[in-house]
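These notes are about the structure you will find just below.
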Amino acid sequence: MPDALTALAAESGPWDVVVVGGGVAGTAAAIMLGRAARVLVLEAGDYSGWRIGESLPPDARPLLSDLGVLPRFLSCDHLPCHGSSSAWGSDRPGFNDFLYNPNGHGWHLDRVRFERFLAREATQAGATVVTGTRLVAARSSASGLEIDVRAQDGEPLTLDTVLAVDATGVGAALARALGAERIGDGALLCRSALLASDAISDTADSLTRIEARPDGWWYLAQLPGARRIAAFFTDPDLAPDIRTEPGWRARLDRTRHLAPRVGEAAASPVRSHAVPLGHLAPSGGARWLAVGDAAFSCDPILSQGLYAALLSGTRAAKRISAALAEGRCLTLAPDEAARDYAAARTRTRALYAVEQRWPEAPFWQRRQASATVDNAVPTVGERVIQSSMNIRKSSAITDI
């Protein structure tokens with residue numbers, strides 16, 4: 001808030017770390033760093049509203065434990081997610097449950113509540129979190145970086161820091177201000193809405209449900225508070241009717257497996273946003289590094305967004321802690337994000353190659369023209385999806 005930002009002007013000496021962006025990746029880094037360093041988190045928003053992205057796999061449990069927040073997270077009343085069901089490559093759904101996962105079940109989150117929780121934990125760990133603050137400029141200095149920020153319509157304030165973290169998402173605002181370049185690889189269009197859900201289904205449907213269609217794919221998930229989210233992903237030049245609310249609803253009603261579960265439930269206004277794919281080059285320097293989507297963003301079919309954000313935030317914090325302790329600059333491979341993105345893209349192509357029902361449809365033609373099914377090892381987050389997409393499906397499994 002403006003008053004809080006003004007108070008920062010009175011702080012003496014540089015910050016050890018300034019984290020630009022207070023989302024999942026940024027606050028995860030701040031929680032770990034705040035216990036031993038002077039850390040400032042600058043968040044442009046105010047942790048209100050609604051954001052897409054709400055599935056957290058079981059493998060996030062060790063990360064939350066490593067951050068020291070697991071017991072309090074478990075008390076936040078997020079809904080359990082016991083697996084996924086995917087009609088992908090076949091009209092008959094495949095299933096993947098978490099029954100044998102050593103980390104237990106996953107979660108369908110209230111995303112805003114989750115981000116508020118992490119910001120609160122960062123504050124309790126010792127970091128300072130300031131909302132309503134945007135980056136204006138950044139540049140190198142003799143001792144680190146100078147970062148110009150502005151709160152709402154106020155005057156810019158210059159902050160000095162030894163090291164910085166770019167957690168601003170695909171915009172990579174800090175990195176680009178310091179000369180990095182975003183290497184784009186196209187984008188998906190996502191159209192999503194919240195659907196009303198009765199009290200029974202609020203606890204009964206604990207699976208993430210995915211269904212491929214000729215022009216793209218849908219997912220449906222139950223959320224806390226008797227709500228569901230339904231989202232359709234396609235290419236921006238396809239399915240023009242999806243851009244209207246009646247068109248979006250008509251397509252949802254034509255799905256084979258999701259429509260019966262949705263019925264005539266009332267929907268919120270349909271939201272539209274781009275899902276850029278690509279990576280940052282470079283993804284870090286001597287005094288800064290990028291985390292989460294700022295470093296690289298991959299196709300949401302991998303279902304690893306929130307998990308990857310937690311993982312990259314904690315890994316960045318460990319790297320920064322070591323640099324601060326040794327009084328040195330950061331060291332990382334210049335092509336680190338490019339390498340990680342290339343691996344994710346290979347796995348994405350393998351997943352899309354499974355779907356062969358619409359060989360003439362442009363959406364699938366584009367993906368299968370470059371699809372290469374190889375022996376890439378699935379990521380932890382990807383296993384939530386891959387094992388349910390009929391790749392290894394028992395013929396004895398039926399719908400539930």
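Everything quoted here is computed from the prediction, not taken from an experiment.
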Query raised in the report: So with a 6.0 Å cut-off around CD of E264, is the heavy-atom count from everything else above 12?
Result: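 At most 12 heavy atoms, drawn from other residues, nucleotides or ligands, come within 6.0 Å of this atom.
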
Taking all heavy atoms of [X] and all of [Y], pick out the closest pair and write down the distance.
X: A119; Y: V129; result: O-CG2, 3.9 Å
X: C81; Y: H105; result: O-CB, 3.4 Å
X: A138; Y: L174; result: CB-CD1, 3.5 Å
X: H257; Y: A87; result: CD2-CB, 3.5 Å
X: P276; Y: S297; result: O-OG, 2.8 Å
X: A323; Y: L330; result: CB-CD2, 3.9 Å

Compare all side-chain heavy atoms of [X] with those of [Y] and state whether any distance is below 4.5 angstrom.
X: R243; Y: P236; answer: yes
X: R228; Y: D205; answer: yes
X: R139; Y: D148; answer: yes
X: N101; Y: D59; answer: yes
X: D77; Y: P224; answer: no

**Report entry** Test ring pair (Phe, Tyr, Trp, His ring centres under 6.0 Å) applied to F114 - qualifying residues, sequence neighbours left out
**Finding:**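 With sequence neighbours excluded, F114 shows a ring pair (Phe, Tyr, Trp, His ring centres under 6.0 Å) to F73, given in chain and number order.
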
Answer yes if [X] and [Y] sit in the same cluster of Ile, Leu, Val, Met, Phe, Trp and Tyr residues linked by side chain heavy atoms under 4.5 Å apart, and no otherwise.
X: V170; Y: V24; answer: no
X: L302; Y: V354; answer: yes
X: L178; Y: V136; answer: no
X: L135; Y: L157; answer: yes
X: I31; Y: L70; answer: yes

Can you measure from [atom1] ([X]) to [atom2] ([Y]) and round to the nearest 0.5 angstrom?
X: L207; Y: F98; atom1: CG; atom2: CZ; value: 8.5 Å
X: L145; Y: S143; atom1: CG; atom2: OG; value: 9.0 Å
X: L277; Y: L188; atom1: CG; atom2: CG; value: 5.5 Å
X: T234; Y: R251; atom1: OG1; atom2: CZ; value: 7.0 Å
X: S283; Y: W288; atom1: OG; atom2: CH2; value: 6.5 Å
X: D46; Y: T133; atom1: CG; atom2: OG1; value: 11.0 Å

Report task. Go through the steps to decide whether V39 and V19 satisfy the test side chain to side chain contact (heavy atoms under 4.5 Å, CB included), and finish with yes or no. Result -> CA-CA 7 Å; V39 178; V19 180; 4.2 Å; yes

Report task. Start with the C-alpha gap between S321 and R35, add the side-chain angles, then the distance that decides, and say whether side chain to side chain donor-acceptor pair (under 3.5 Å) holds. Result -> CA-CA 10 Å; S321 292; R35 299 179 180 123; over 6 Å; no

Query raised in the report: When Ile, Leu, Val, Met, Phe, Trp and Tyr are grouped by side-chain heavy atoms lying under 4.5 Å apart, directly or through other members, which residues fall in the same group as V262?
Result: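 Other cluster members: L189, L195, W218, L220, F232, I242, W248, L252, L258, V270.
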
Query raised in the report: Can you list the other members of the hydrophobic cluster that holds L99, where links are side-chain heavy atoms under 4.5 angstrom apart?
Result: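 Grouped by the 4.5 Å side-chain rule, Y100 form the rest of the cluster around L99.
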
Requested in this report: For R254, check salt bridge (charged side-chain N to carboxylate O under 4.0 Å, His left out) against everything at least two apart and list the hits.
Outcome: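 R254 satisfies salt bridge (charged side-chain N to carboxylate O under 4.0 Å, His left out) with no other residue.
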
Query - Geometric cation-pi criterion R367 and F363, 6.0 Å radius, 45° cone - result: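 Pair R367/F363 counts as cation-pi.
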
Query - Chi angles and distances behind the side chain to side chain contact (heavy atoms under 4.5 Å, CB included) call for L289, V291 - result: CA-CA 7 Å; L289 56 80; V291 296; 3.7 Å; yes

Query raised in the report: Please walk me through it: do F117 and Y47 pass side chain to side chain contact (heavy atoms under 4.5 Å, CB included)?
Result: CA-CA 10 Å; F117 165 77; Y47 298 108; over 6 Å; no

Query raised in the report: Applying salt bridge (Lys or Arg N to Asp or Glu O under 4.0 Å), which residue pairs with at least one partner in residues 113-126 are found, sequence neighbours left out?
Result: R51-E115, R72-E121, D110-R113, R111-E115

Requested in this report: Give the ring-plane orientation class for W88 versus W217, where under 30° counts as parallel, over 60° as perpendicular and anything between as tilted.
Outcome: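 It falls in the perpendicular class, over 60°.
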
For residues 310-317, which side-chain N or O atoms pair as donor and acceptor with protein atoms under 3.5 Å away, sequence neighbours left out?
| residue | atom | partner | partner atom | Å |
| --- | --- | --- | --- | --- |
| S312 | OG | G292 | N | 2.9 |
| S312 | OG | A308 | O | 3.1 |
| S312 | OG | A309 | O | 3.2 |
| T314 | OG1 | L310 | O | 3.1 |
| T314 | OG1 | L311 | O | 2.9 |

Requested in this report: Walk me through it: do L238 and R366 pass the test side chain to side chain contact (heavy atoms under 4.5 Å, CB included)?
Outcome: CA-CA 12 Å; L238 299 179; R366 294 168 183 174; 3.8 Å; yes

Query raised in the report: Is the closest basic N to carboxylate O distance between E211 and R209 below 4.0 Å?
Result: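 Salt bridge between E211 and R209, a charged N being under 4.0 Å from a carboxylate O: no.
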
